[in-house]
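First the structure, in the form of C-alpha cells, and then the observations on it.
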Amino acid sequence: MNSIAPRAGGHRIRGADRSGNARRGRRGDPQRPLRVVALGGGHGLAANLRALRLLADDITAVVTVADNGGSSGRIRTEMPVLPPGDLRMALAALCEDSDWGTIWEDVIQHRFETDGELGGHALGNLLIVSLWQILDDPIEGLDQMAELLGARGRVLPMALDPLDIEADVRGADGELRLVSGQWQVATAEGRVEQVRLVPPRPRVPEDVLEAIARADWIFVGPGSWYTSVLPHLMIPEIAEAIRTSPARRCITTNLSVGAQEAEGMTSLDMLDVLLEHADGCRFDALVADPTTLDDALELAQAAKARGIRALLRQVSVGDGRPHHDPVRLAAAYRDLFDDAYGDVEPEQDGWGSPAPPLTDRASIADAASNEEDLHGTDG
C-alpha cells in the first residue's frame with residue numbers, strides 16, 4: 001500500500017497559528033509555557049488530553065496510526081492514507097471551551113446514521129482526509145483542522161506510514177496463534193505474548209521528534225496497552241527521542257486491567273511489559289487510581305523499586321465505571337508539575353473526596369465532561 005507523505009513546497013489554505021495564548025507556569029521559568037507531549041491513541045489518549053488542556057496550551061498529542069476498524073478501516077481500504085479516527089478523537093478532546101469549540105467537537109464526532117455507504121462514518125474522518133488530499137501533507141492537514149476547531153494543542157501522527165499490528169496470542173487452551181490488525185489484537189481472547197508493527201520502522205515526522213526533544217513532560221498511557229501505548233516505544237526513532245529528551249516522563253495507568261488484550265494481567269504485569277519495551281528509557285513518575293485498582297499499593301511499591309515515584313490519586317469519576325474525570329486527573333498532574341508527588345497513603349489522600357479545584361480557567365466546570373477509557377478505538 002502506498003503511504004501519504006509531505007509534499008515539498010505544499011501550500012496552505014491559510015496560516016495556522018499554533019502559538020496560542022499558552023498559560024505560563026513552568027517552575028523556574030514562569031515566562032515560558034509548560035510543554036507537554038502525550039503519547040497514545042483512542043479513548044485513553046482523549047481522556048488524557050481533556051485533563052492536560054486544563055493545565056497547558058503547549059500540548060502535542062502523538063497518536064497511533066494502526067486503526068483498522070470502523071470508519072477508519074473502511075477509509076484505509078479505499079485510500080492510501082493514515083487512519084484518521086484516533087487523530088480525530090485527539091482533536092475533539094482539545095477543542096476549546098467556547099460555543100465554537102463545543103459545536104465543532106460535536107460536528108467532527110458526528111456519525112452518519114444511514115443504511116447507505118456513509119453509514120457509520122464520522123464526519124471528522126472525512127474532513128481530515130479531505131484536507132490531506134487538498135494539501136497533500138498529513139501534518140499540515142492536521143494543523144489546519146486544529147486551527148478550525150480552535151484546538152488547545154497540536155495533534156501529530158506517530159508515523160507517516162499507515163501501520164498494522166500483529167501479535168502472538170496464547171488462548172485458554174494453551175495454543176499460540178497469530179492475530180493481525182489493531183482491532184483484532186485489542187479484542188482477542190487470550191493473553192498477548194508478543195506484539196509487532198508492520199512495517200517495523202516507519203517514517204517518523206520530524207515534528208514529533210522535535211516536540212519530544214523540547215518537552216517538559218512526556219506522558220505514556222492510559223489506553224489499550226499493546227495497541228495504543230506500546231507502539232510508540234517500538235519505533236526506534238521515537239524511543240530514542242524519549243530516552244534522550246530532558247523531559248520528565250510519566251506513566252498513567254489504566255483504570256482497569258485484565259480485559260481484552262490484557263486478559264489475565266495485573267497492573268504490575270503491564271508496568272513490566274512497558275518497561276521491557278522502553279529499552280532503557282527512564283521514567284520519573286506513575287499515576288494510578290487506588291479506587292479502581294486492587295493492586296495499587298503493590299504497584300506503587302514496585303514502581304518505587306524501579307526508581308519511579310508513584311502518585312496514588314482518585315482520577316476516576318467515582319461511580320464504579322472506568323471513566324476518567326478530567327478535573328481530578330488534571331489535579332494529579334498539577335501535583336506532578338509542582339513536584340508535590342510521592343507515595344500517598346489512603347488516610348492522607350481521601351480517595352473518595354473530590355479533587356482540589358483548579359482555578360486557572362473560569363469555565364472549568366463546563367470542561368469536566370467524563371471520558372471513557374475503553375480499550376481500542378471506534379474508528
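Since the structure is predicted, the reported quantities are computational estimates derived from the model, not experimental observations.
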* Distance-minimising heavy-atom pair for L336 and A285 -> CD2-CB, 3.9 Å

* Structure fact -> In terms of heavy-atom contacts, V208 and P157 come closest through CG2-O, 3.4 Å

* Asked: Any ion pair linking R243 and D279 (charged N to carboxylate O, less than 4.0 Å)?
  -> no

* D173, CG atom: more than 12 neighbouring heavy atoms under 6.0 Å -> yes

* Would Y226 and I165 count as a side chain to side chain contact (heavy atoms under 4.5 Å, CB included) if you check the C-alpha gap in whole Å, the side-chain angles of each, and the deciding distance to 0.1 Å? -> CA-CA 9 Å; Y226 285 100; I165 291 177; over 6 Å; no

* To do: Measure from the side-chain N and O atoms of T102 to the backbone N and O of D97, and report whether any donor-acceptor pair falls under 3.5 Å.
  => no

* Asked: R203 and E237: salt bridge (charged side-chain N to carboxylate O under 4.0 Å, His left out), yes or no, with the steps?
  -> CA-CA 9 Å; R203 294 169 301 150; E237 289 83 357; over 6 Å; no

* Asked: So, do L297 and L312 sit near enough that their side-chain heavy atoms are less than 4.5 Å apart?
  -> yes

* Is R53 paired with E96 through a side-chain N to carboxylate O contact shorter than 4.0 Å? -> no

* Derivation of the side chain to side chain contact (heavy atoms under 4.5 Å, CB included) call for L299 and S267 -> CA-CA 7 Å; L299 177 64; S267 295; 3.8 Å; yes

* Asked: When rounded to the nearest 0.5 angstrom, what distance separates CH2 in W132 from CE in M145?
  -> 10.5 Å

* L49 side, atom CG; L94 side, atom CG - distance, nearest 0.5 Å -> 4.5 Å

* Would you mind reporting whether L55 and R334 have side-chain heavy atoms less than 4.5 Å apart? => yes

* **Heavy-atom donor-acceptor pair, D216 side chain to R35 backbone, under 3.5 Å** => yes

* Walk me through it: do V257 and M265 pass the test side chain to side chain contact (heavy atoms under 4.5 Å, CB included)? => CA-CA 7 Å; V257 296; M265 297 180 69; 5.6 Å; no

* Return yes if some donor-acceptor pair links the side-chain N/O of S72 with the main-chain N/O of G69 below 3.5 Å, else return no. => no

* Given side chain to side chain contact (heavy atoms under 4.5 Å, CB included), test V315 with T252 step by step and report yes or no. => CA-CA 10 Å; V315 293; T252 304; over 6 Å; no

* Below 4.5 Å, heavy atoms only, C-beta onward: do L163 and P231 meet side chain to side chain? -> no

* Indicate, with yes or no, if V198 and V185 share a hydrophobic cluster defined by side-chain heavy-atom contacts under 4.5 Å among Ile, Leu, Val, Met, Phe, Trp and Tyr. => no

* Asked: Is there side-chain contact between D58 and R214, with heavy atoms separated by less than 4.5 Å?
  -> yes

* Structure fact -> Distance col, row L293:CG vs L255:CG, nearest 0.5 angstrom, shows 7.0 Å

* Asked: If two hydrophobic side chains count as joined below 4.5 Å and joins carry through other members, does V195 share a cluster with L176?
  -> no

* Heavy atoms, side chains only, cut-off 4.5 Å: are V65 and Q182 in contact? -> no

* **Nearest heavy atoms of A90 and L45, plus distance in Å** => CB-CD2, 4.2 Å

* Asked: Would you say N68's side chain and W183's backbone share a donor-acceptor pair under 3.5 angstrom?
  -> yes

* Under 3.5 Å donor-acceptor, D86 side chain and G41 backbone -> no

* Asked: Judged by atom type as modelled, is there a donor-acceptor pair below 3.5 Å linking the side chain of T227 to the main-chain atoms of A186?
  -> no

* Would you indicate whether the side-chain heavy atoms of V287 and C250 approach each other to under 4.5 Å? => yes

* Heavy-atom count around D106 CG within 6.0 Å, excluding the residue itself: above 12? -> yes

* **Distance in Å, L178 CG paired with D168 CG, rounded so as to fall on 0.5 Å steps** => 6.0 Å

* To do: Taking the side chain as every heavy atom from C-beta outward, state whether V220 and V229 have any pair of such atoms under 4.5 Å apart.
  => yes

* Asked: For the residue pair A239 and L233, what are the closest heavy atoms and their distance?
  -> CB-O, 3.6 Å

* To do: For D284 and R249, indicate whether the former's side chain and the latter's backbone hold a donor-acceptor pair under 3.5 Å.
  => yes

* Asked: What is the ring orientation for W217 with F337, classed by angle as parallel under 30°, tilted 30 to 60°, or perpendicular over 60°?
  -> tilted

* Structure fact -> When D289, T291, D335 are each screened for side-chain hydrogen bond (donor to acceptor under 3.5 Å, both in side chains) with R313, the one that passes is D335

* Establish, from distance only, whether the side-chain atoms of Q314 and D325 form a donor-acceptor pair under 3.5 Å. => no

* Between H324 and A51, is there a donor-acceptor pair closer than 3.5 Å when you use the side chain of the first and the backbone of the second? -> no

* Asked: Just wondering, do L156 and R154 contact through their side chains at under 4.5 Å, heavy atoms?
  -> yes

* Asked: If you look at every heavy atom in H232 and G40, which pair is closest and at what distance?
  -> CE1-N, 3.1 Å

* Any donor and acceptor pair, going by atom type alone, linking the side chain of S130 with main-chain N or O of L126 inside 3.5 Å? -> yes

* **Salt bridge present between R50 and E105 (N-O < 4.0 angstrom)** => yes

* Straight-line distance of I235 CD1 to M158 CE, nearest 0.5 Å -> 4.0 Å

* Spell out, as yes or no, whether a donor-acceptor pair under 3.5 Å connects the side chain of R306 to the backbone of A302. => yes

* Minimum-distance pair of heavy atoms, taken over all atoms of L209 and A241 -> CD2-CB, 3.8 Å

* Can we say R191 and D269 salt-bridge, meaning some charged N sits less than 4.0 Å from an Asp/Glu carboxylate O? -> yes

* Pairwise distance OG(S224) to CG(N254) - rounded to 0.5 angstrom -> 7.5 Å

* Decide, yes or no, whether a salt bridge links R248 with D339 under the criterion of side-chain N to carboxylate O below 4.0 Å. => yes

